[in-house]
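We name chains A, B, ... by the order of the sequence lines, and we start the count at 1 in each one. Worth knowing before you read on, the calculation uses all heavy atoms, side chains too, and leaves out hydrogens, waters and symmetry mates. This one's a predicted model, so the numbers in the text were calculated from it and none came from an experiment.
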Amino acid sequence: MKKRILILTATVLFIILTCQLFVKNPIYNIALIAKTTSSEPDFWRIVDQGAKLAAKEFNANYEFLGGESESDIDGQIEIIEKCIRENKDAIVLAATDYNKLADVCKKAYENGIKIIVIDSDLNADFKETFIATDNIKLGESMAEISEKYVNESDKFAVIAHIETSYTARTRLEGILNVLGMKNFIGINYCNGSIDKAYEQTIDLINKNADLKYIFAINETSAIGAARAINDYKLKDEIVLISCDSSFEQITYLENGIIKSTVIQKPFNMGYLGVKSAIDSLNGLPLPDFVDTETVTITVDNMYDTENQKLLFYSTK
Amino acid sequence: MRKKLFYKIYKNQTIARTILWSFTTLIAISIAIVSIISYNLTVSNLKENAIKYNAQLLKEVNRNIDSYMTNIKNMANVIVDNKDVINLLSTYKYQDVKSFNSDEKSTLTDIKIKASEHMQNIEKTRSEIKNIAIISLKGDVIFSNLNKKANKYSGYNLKDWYLKPLSYKYEAIVSPSHVQNLVEGEYSWVISVSKAVIDYNTGEVVGVMIIDLDYNVIEEICSSVELPADGYIYILDKFYNIIYHPSIDLIYSGMKTEKINELVNLSDINSSHIFDNMIYTTNNSESTDWITISATNKSGILANKEQLIIYYVILGFISVAIATIVSYVISKNITSPIKNLESSMKKVTDGDLSIRSNIELNNEIGKLSTSFNIMTEQTEELLNRLVSNEKQKRESEIKALQAQINPHFLYNTLESIIWLSASGKNDEVVEITSALSKLFRTSIGKGDRFVLFKLEIQNIKSYLTIQSVRYQDVLNYEIEINPDVLNEKVPTLILQPIVENAIYHGLKPRDGAGNIKILAQKDEKMLIIDIIDDGVGMTGDKIEKILTKETVNNKGIGVLNVHERIKLLYGDEYGLSFESELEKGTKVTIKIPLKQGEQ
């Protein structure tokens, strides 16, 4: 009789197990909150593409969100609030502000939402991981390019996007790590405006006769500076080194106005962001920081097979 | 050793359980083996089919690409053979167009427009053609759309699609996917087909023609077939550069790698191989020299592998369950007659010999049952015979007893009558003679087995009358009968042997007159008759001897006969019991169940 009960239990257990096997993995709802969803800069669209591919590959519901501009901190806060209401499983966030988003993210975290930070760091110990370009290294890479055109007495200036921005700060740090303060003229913040960067470039050139290198450490400042150098036909006098790779930058790279640009891998950032979100939801351990690395592009190597793909995400 | 093990397992099990477990185990093992074999067969079948299917799909894709590229190459031929195109490029090559006068310039413009129109007409036939251009050896670029401007910084003259046609004059060159920057402000992913333009008259190359095809065209062809289980197709050119890959971004981001080197190093390119759980099928296209590769996840093909396993396990479980039920039924069927027989035997051992096993089977158990029935039948018959033999024996003993009483008794009584008559005791003669006649009339000689107690009393009175006359001054008697026992039926001749025994062995040996007292009453269950004398009494030894058959002479036979008859008729709790004390007397108690006489 005991044996019969044993068999019965075994059968029931077996049926439960098989039923569980038939139950599919849950489909996670993941939101990627970029700094902005506007088409400028191109960067976030590529992040979106990478994220989309990961979501497709790992079968997750994916939503691409973001503020109106890269300085739209309140917009991002609102979006995170909305994500909490919608009960998302994970948020992949590119923080517009290191400190101001921490509270709302904490609230999301306390509501059981996994927080994955990409691109720009967030002042939070509860984030699962931080996936970004090592911006100090990026700055260092930019500075190292200038050594090809080296002349000890040549001065350099930096045009950046926003003073409070984490990326601006760290990239500048990287440049100064390599070049030091001796020949450093100063840093200008264009606040994300191409026109302002344009004016600042002209201003810098006019005021500093010995200015040789301009480091434009984001997309908008690079475009502004490039336009100015193009308009004033100064491409032989000024070495413009930028980062990122908008369509316009590529054109300026081709015709030699931008000497070199250090590009990030936004596709990887998006892809790894969503993948990490799913991994963390599945309980896998994640490293504290993932460096998505950079590639230095010059006119000579821009059409190399691998570099083409990094530069021209846009058409594929 | 094995025998011992089985013995140990089965020693304490019923046959039913042994059969049940043996069958179930046997069937479960067989099913497991069969399931594993069929599972493996199914899996290898699936794998083979998948490989075959992949190869088929791949061929189809290749055919599509080939026919497509052949088409495009034909278009290329139509362009490079066009006289306006040749004329235009020849002009650029052989003449210094910059020094042209206005007439010559307008003629050149006319040719340019004609050539451009020709290209445009062809471009229009296919929507996926992004651009068609011809380039003179001096660097003049003419597009199908005259509004397009050439990118001054494109560096086309260093690129394969431009250089190769110059060396392979008559071949259409297909360049793998790349970013085309020939048009100012346009950067698009294309696949290019380029061919040298040759002047018929001189046989010299005068320029290069290029057709840019939207990269998506390959994707469309590749995704037109659907590979099972998340499989995908990718294409390499003959230098093993990736032309198309559905996850190209991941590959260039370094997040995915393909085993290109391993695959292309294989001797047989048109075949299937398995690396790291992936099934790769490769196929070489003749017209493009491209290598098409399909990759399918082996475990993906067997996506239902888990389901398959579950399916087999469930099937196995069901089969085992059915087998268990069937073997249960079989074991019950086999063992229930055995159990039936067993319970019949148990009843027989408990003493019920009327039991017959009612198994109607023709097998061993049926035979066993028949034998059992024959055996019990014979035993019963034997027992019955034994009982009836015993009865007959008792009855013949009574008869012997009766027969024994009569002559002696009659002889003695007649002797007494003679003696009484001679001494002139007429009254006594009358008394004894009438008692004798009464005794003979009522009971003795009739041979009935049962008689009413009052008749037995009457008989014993007659007997005692006779005996008291014979043994005057020796015997006094007294009979005290409770009237409500008079109509009980009792076996015949139960009192006379005991009274006789009391007279001859109790009273006669003593000095002086003795008394016999007969008492009868009943309680709820039985009739109790006491015969009390005050004779010489008996030792326990003697009582023992009387109640067993150890008495050698005939003296005790009557008493023993009474005792055994009662026991035989009514059971061991009935019969005679003796109480005796030497020199004081003996009391014999007869116990007979009430209303038993009517049976």
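Formation of a donor-acceptor pair under 3.5 Å by the B:Trp189 side chain with backbone atoms of A:Lys309 is not found in this model.
In the displayed structure, A:Tyr232 atom OH is contacted under 6.0 Å by at most 12 heavy atoms of other residues, nucleotides or ligands. Remark: B:Lys148 NZ is packed, more than 12 non-hydrogen atoms of other residues, nucleotides or ligands lying under 6.0 Å away.
When heavy atoms are compared at a cutoff of 4.5 Å, A:Glu57 approaches chain B solely by way of its side chain, counted from C-beta outward. The contact between B:Lys159 and chain A is made entirely by side chain atoms (from C-beta outward), counting heavy-atom distances below 4.5 Å. Using a 4.5 Å cut-off between heavy atoms, B:Leu250 touches chain A through backbone and side chain atoms alike. Heavy-atom distances place no part of B:Asp214 under 4.5 Å from chain A, backbone and side chain included.
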Check step by step if side chain to side chain donor-acceptor pair (under 3.5 Å) holds for B:Tyr187 and A:Glu254. CA-CA 12 Å; B:Tyr187 301 92; A:Glu254 261 187 338; 2.6 Å; yes
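The choice from A:Ile250, A:Leu310, A:Thr292 that makes the most heavy-atom pairs within less than 4.5 Å of chain B is A:Ile250.
Note that NE2 of B:His178 and CG of A:Asp304 are 14.0 Å apart. Values are rounded to the nearest 0.5 Å. In this structure, the separation between OH on B:Tyr153 and CD1 on A:Ile257 is 7.0 Å, given to the nearest 0.5 Å. Atom OG1 of residue A:Thr251 and atom CG of residue B:Asn151 lie 8.0 Å apart, to the nearest 0.5 angstrom.
Inter-residue side-chain proximity for B:Leu158 and A:Tyr303 is flagged as unmet; no heavy-atom pair is nearer than 4.5 Å.
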